[in-house]
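Heavy-atom basis, side chains included; hydrogens, waters and symmetry copies ignored.
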Amino acid sequence: MSEERTPGFNTLAIHAGARPDASTGARVTPIYQTTSYVFDDADHAAALFNLETFGNIYSRIMNPTQAVLEERMAALEGGTAALAVASGHAAQAIVFHTLMEPGGEFVAARQLYGGSINQFGEASRSSDWHVQWADTTDAESFRAAVSPKTRAIFVESIANPGGIVTDIAAISAVAKEAGVPLIVDNTLATPYLMQPKEYGADIIVHSLTKFLGGHGNSVGGVIVDCGTFDWMASGRYPTLSEPCASYHGMTLGETFGNFAFAIACRVLGLRDLGPAIAPMNAFLILNGIETLPLRMQRHCDNARQVAEWLSDHDKVAWVNYAGLPGNSFHGTAMLYCPKGAGAVFTFGLKDGYEAGIALVGKVELFSHLANIGDTRSLIIHPASTTHRQLGDEARERAGAGADVVRLSVGLEDVDDIIADLDQALEAI
Amino acid sequence: MNHDTYPDAYIRDILLKHAVFAVVGASAKTTRPSYYVMKYLAAKGYDVIPVSPGLGGRTVADRVVVPSLAEIGRPVDVVDIFRNSDAAFAVTEEAIRIGAKVIWMQIGVRNDAAARLAEEAGLKVVMNRCPKIEYGRLSGEIGWTGVNSRTLSSRRPLLGPKGGQQRTLRDET
């Protein structure tokens, strides 16, 4: 490939990070199902442990199958480096473990996925980290929530399940003013629909479990370092800017420059907390990513047609899909993700909570389960499941009120998807 | 040469065709980037000479430090500069005098006047880059750490002579 040419997204989705295996010539990335790696000699072992050279030590910290997934994700998001871990939640835990000190604060959108609201609002307290909630539709609310203790701002590119397309550029401006990194969860959009780095994200996280893996078979997460944040500029991130005791006084931010955050997440966060991704899961997710552009476009096209059909149904009170003209986030969606507004959206049933529970009991093609981003079409009634642990007010704010049904539209024939909803709506 | 972006072939050619690196501004501290770069380049088979006026005669990264480029007393291919951007000019002048073939300034070091001077004298110049990162990137080793190598290839990477966890550059010209 000539040097001046920048490969396109489809090419990167297949090739980035994955050369043929150096030893065997295997063309598909092998599943390196091993815990550990033989050192060449004692000097090589010392050089690896001192981070003097590149190489593998132990699969809790790195694994060659995982590494291909990492480089692929860094390339697809336009980042400098990435770290793949056991789940999207593990990715978030490691990001905050790397950024935060006891007593620190971060500002997050209150419309996040319910699991993230629990992680940030409840679990973070035991580390003495404190979330300040803001409204993802209002950049000013983030500005108001920033304090001298703020160390990061966190949003979802497309909020789940609220269907809000976040104005990332506006919130990035707040983060830059505050001198803190902007973290974007890009799970629902995937880099095929939107690359948050273009709008000022400094760190991107994903649940790989969803559209990236795409086949509902593997849980995984990733942290992408965009290489855009200067960790040495303030004293706010001592993990990166101060000498590190467990690496003989190395300063990670200085030694690893524009990919220091990803390295710190690996050699401290993953090393010490331990949520490594299984090589098999990394392999299955990599396989999924190869067809991401094709799948994601079909997901979006199907979702738009299903949303249009539901909009005209008598038993449906409202449909909240940013891909529909007239939706309050349609303008933002056209700007940030013109290829499609994702494949996860919500609609309301005129008969409320009971009708929602009845509907999930009547579908035959849709699967009633708590995931999104599968080849299969999925349905859930958040108020009685994913958002059950939240109070009524928090559920409403997260877009998961009593009447709300969430769909993740799959890759089946769209006529079959619509026919299933038709018969189920008839039956309730 | 456009010093904002370098073609991979340009960097690969420099790393493939030269064997002797003088590292100016070498530190005795084992936690400094210059130390990692010297250890890595030496492990890749390069002849690495640490250069520092204050450390002359001491041993750093298993090598005896020479006080100045002029005192090395044997041919030098690449002068790798771990000094600030202003100081890079005088180092470049000295590198030209000793017949070096390449001026390499580390990440964060850039001096366009020095680059012009060197290029007019027939030297190649790389600025704001690290030879360890570039070697790791082009050999594929850096991907083991999840770093985006920004390279694609359907060709098998070459294993180094010393063992399974070492890759080497190939001449793809």
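- When the heavy atoms of residues 260-269 of chain A are compared with those of chain B, the residues falling under 4.5 Å are A:Ile263, A:Arg266, listed by number.
- More than 12 heavy atoms of other residues, nucleotides or ligands shown are found within 6.0 angstrom of CZ on A:Arg27.
- Between chain B and the options A:Val68, A:Leu83, A:Thr255, A:Asn56, the largest number of non-hydrogen pairs under 4.5 Å is found for A:Asn56.
- Looking at A:Asp43, there are no atoms closer than 4.5 Å to chain B (heavy atoms on both sides), in backbone or side chain.
- Heavy-atom pairs under 4.5 Å with chain B were tallied for A:Pro20, A:Pro243, A:Gly55, A:Ala81; the largest tally goes to A:Pro20.
- Enclosure of atom CZ in A:Phe9 by more than 12 non-hydrogen atoms of other residues, nucleotides or ligands within 6.0 angstrom is indicated.
- With a 4.5 Å cut-off on side-chain heavy atoms, A:Leu12 and A:Arg72 do not count as touching.
- At a 4.5 Å heavy-atom cutoff, A:Ala47 makes no contact with chain B through either its backbone or its side chain.
- Atom CZ of B:Arg32 has 12 or fewer heavy atoms from other residues, nucleotides or ligands within 6.0 Å.
- Residue A:Tyr37 touches chain B through both its backbone and its side chain, counting heavy-atom pairs closer than 4.5 Å.
- Listed by first and then second residue, the salt bridge (charged side-chain N to carboxylate O under 4.0 Å, His left out) pairs involving residues 110-123 of chain B are B:Asp4-B:Arg110, B:Arg110-B:Asp112 (not counting sequence neighbours).
- Contact count versus chain A (heavy atoms, under 4.5 Å) is highest, among B:Thr30, B:Thr151, B:Thr31, for B:Thr31.
- The part of B:Ser139 that comes within reach of chain A is its backbone (N, CA, C, O), which places non-hydrogen atoms under 4.5 angstrom from that chain.
- When B:Val78, B:Asp80, B:Leu15, B:Val20 are each tested for a side-chain contact (heavy atoms from CB on, under 4.5 Å) with B:Tyr46, only one passes: B:Leu15.
- Residues A:Phe283 and A:Leu69 fail the side-chain proximity criterion, which asks for heavy atoms closer than 4.5 Å.
- B:Lys132 touches chain A through backbone and side chain together, each having a heavy atom under 4.5 Å away.
- With chain A as partner, the option from B:Pro157, B:Gly136, B:Ala43 having the largest number of non-hydrogen pairs under 4.5 angstrom is B:Pro157.
- Of the possible donor and acceptor atoms, one in the side chain of B:Asn148 sits under 3.5 Å from a partner among the backbone N and O of A:Gly79.
- Proximity to chain B (any heavy atom under 4.5 Å) is shown, for A:Ala26, by neither the backbone nor the side chain.
- In this structure, chain A has heavy atoms under 4.5 Å from both the backbone and the side chain of B:Ile142.
- Heavy atoms of A:Asp41 lying under 4.5 Å from chain B are absent altogether.
- Between B:Phe21 and B:His18, the distance from one ring center to the other does not fall under 6.0 angstrom.
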### A:Asp202 vs A:Lys197, side-chain contact (heavy atoms from CB on, under 4.5 Å): CA-CA, chis, key distance, verdict
CA-CA 7 Å; A:Asp202 299 296; A:Lys197 184 188 173 191; over 6 Å; no
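- Two residues are said to be in side-chain contact when any heavy atoms from C-beta on lie closer than 4.5 Å; A:Asp21 and B:Arg156 fail this criterion.
- When A:Met62, A:His44, A:His248 are compared by the number of non-hydrogen pairs under 4.5 Å with chain B, A:His44 comes out ahead.
- Heavy-atom pairs under 4.5 Å with chain B peak, among A:Ala22, A:Ala74, A:Ala67, at A:Ala22.
- You'll find the side chain of B:Ile103 reaches within 4.5 Å of the side chain of B:Ile81, heavy atoms only.
- For a residue to count as touching a neighbouring chain, one of its non-hydrogen atoms must lie under 4.5 Å from one of that chain's; by this rule A:Thr80 touches chain B with the backbone only.
- A donor-acceptor pair under 3.5 Å is absent between the side-chain atoms of A:Asn63 and the main chain of A:Pro279, judged by distance alone.
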